[in-house]
Each structure stands twice: as C-alpha cells, then as structure tokens.
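Have a look at the structure below before the remarks.
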Amino acid sequence: MGKFSQLIKYSLSSIASWAIDVGMFLLLKILLDARLGDFSDLVCTAAARAVSSFFNFNANNRLVFGHRGDYGRALLRYYCLAVPIMLCSAGLVTLLDHVLGVSAPTLSTAIKVCVDVLLYLASFTIQKKWVFSQKHDKTDSR
C-alpha cells in the first residue's frame with residue numbers, strides 16, 4: 001500500500017499544481033492581457049508555470065516523497081527534470097501530429113494526453129529515484 005499511497009499523493013499534488021497553473025494563467029490574462037498584447041499567452045503561461053511548478057516541487061518534496069535532504073540540490077534536480085519533460089511533451093506531440101497527419105485540435109489534444117500520461121509516470125519514477133532520493137543526498141555530500 002505504501003507505493004500506491006505515494007502515487008495517489010503524487011497524483012493529488014499534480015492535480016493541485018494543474019489547478020494553480022490554470023488559475024494563475026486566467027488571473028494573469030485578466031490583469032495583463034491588454035498590456036502585453038501578442039506576448040500575453042507566452043508571459044502568462046510562463047509565469048503561471050513558474051508558480052505552479054514551484055508549488056509542485058514543494059508538495060512533492062515534503063508531502064509526496066518525504067524528502068529531508070538538501071533542498072537546493074533537489075530543487076535544481078527537479079527543474080533539470082521538469083524542463084526536459086516539458087520539451088519532450090511538446091516535441092512528441094508535434095512529431096506524432098506530423099507523422100499521423102493530425103490537424104484537428106481535438107485529436108492533437110488526445111495525443112497530448114497520451115504522451116503526458118507516459119511522461120507523468122516517467123517523471124514520478126525519476127523524481128522518486130533521483131530528485132528526492134535520500135540515498136543520493138548522502139552519497140553526493142562528500
């Protein structure tokens with residue numbers, strides 16, 4: 001039950017982070033859309049993702065994985081994972097859209113959901129074994 005419980009906590013942390021991401025995006029769009037013009041989506045997405053990912057890191061750090069090691073090292077590792085995961089998601093969705101000849105937004109979104117579920121599971125495993133590993137903190141602090 002321990003591993004299943006951890007996956008449930010990870011899922012709840014991810015859902016909460018997603019809600020923060022969407023909520024922050026909406027709030028920033030309302031406040032800044034007219035001022036930012038063409039850059040509105042980019043700036044609002046980046047700012048919302050920064051806030052939600054920092055929340056996600058902290059929730060995973062303490063609540064999901066119970067990490068008590070070096071906070072700064074775990075934070076660096078988290079973002080060393082988060083950025084490539086985001087790029088893989090965008091790249092794989094683009095590649096699959098191209099290979100499959102997808103042009104409908106709904107089909108592209110379905111592909112993104114499938115890709116992101118696989119990346120979600122990979123991210124869980126990497127966070128558990130590398131980002132928040134107590135073992136790595138002990139062996140790396142020579």
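Computed from a predicted model, the values in this text were never measured in an experiment.
- Atom SG of residue Cys44 and atom CG of residue Asp33 lie 6.5 Å apart, to the nearest 0.5 angstrom.
- In this structure a side-chain-to-backbone donor-acceptor pair under 3.5 Å is missing from Arg49 to Asp21.
- Put simply, the side chain of Phe25 reaches to within 4.5 Å of the side chain of Lys29, judged on heavy atoms.
- Two residues are said to be in side-chain contact when any heavy atoms from C-beta on lie closer than 4.5 Å; Tyr10 and Leu63 fail this criterion.
- Arg77 contributes a side-chain N or O that, together with a main-chain N or O of Trp130, makes up a donor-acceptor pair within less than 3.5 Å.
- Between Phe54 and Tyr79, the distance separating the two ring centers is not shorter than 6.0 angstrom.
- The shortest side-chain heavy-atom distance between Leu118 and Cys114 does not fall under the 4.5 Å cut-off.
- For Ser53 (side chain) and Ala50 (main-chain N/O), a donor-acceptor pair under 3.5 Å exists by modelled atom type.
- Considering all non-hydrogen atoms of both residues, Leu119 and Ile85 come closest at CD1-O, 3.8 Å.
- Of all non-hydrogen atoms in Ala47 and Leu28, the two that sit nearest each other are CB-CD1, 3.5 Å.
- Note: the hydrophobic cluster containing Leu81 also contains Val115 (ILVMFWY, side chain heavy atoms under 4.5 Å, direct or indirect links).
- Phe65 places none of its side-chain heavy atoms less than 4.5 Å from the side chain of Ser133.
- By the rule that hydrophobic residues join a cluster once side-chain heavy atoms approach within less than 4.5 Å of another member, Leu31 and Val43 end up as members of one cluster.
- Between Arg68 and Gln134, the closest side-chain pair of non-hydrogen atoms falls below 4.5 Å.
- Between atom CZ of residue Arg62 and atom CZ of residue Phe132 there is a gap of 10.0 Å, rounded to the nearest 0.5 Å.
- Met86 and Ile20 are not part of a single hydrophobic cluster, where members link through side-chain heavy atoms under 4.5 Å apart.
- Remark: Tyr120 OH is packed, more than 12 non-hydrogen atoms of other residues, nucleotides or ligands lying under 6.0 Å away.
- Counting only distance, with no hydrogens or angles, the side chain of Ser40 and the backbone of Leu36 share no donor-acceptor pair below 3.5 Å.
- A continuous path of ILVMFWY side-chain contacts below 4.5 Å connects Leu121 to Val131, so both sit in one hydrophobic cluster.
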Output side-chain donor-acceptor pairs under 3.5 Å for residues 103-113, partner residues at least two apart or in another chain, one line each.
residue, atom, partner, partner atom, Å
Ser108, OG, Asp97, OD1, 3.4
Ser108, OG, Asp97, OD2, 2.6
Thr109, OG1, Pro105, O, 2.7
Lys112, NZ, Ser89, OG, 3.2
Lys112, NZ, Asp116, OD2, 2.6

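- No side-chain donor-acceptor contact under 3.5 Å links Tyr78 and Asn61.
- Hydrophobic cluster membership is shared by Phe57 and Leu7, with clusters built from Ile, Leu, Val, Met, Phe, Trp and Tyr side chains linked at under 4.5 angstrom.
- With hydrogens and angles ignored, the 3.5 Å screen pairs a side-chain donor or acceptor of Ser17 with a backbone N or O of Ser13.
- A side-chain donor-acceptor contact under 3.5 Å links Gln6 to the backbone of Val64.
- For the pair Trp18 and Ser52, the minimum side-chain heavy-atom distance is 4.5 Å or more.
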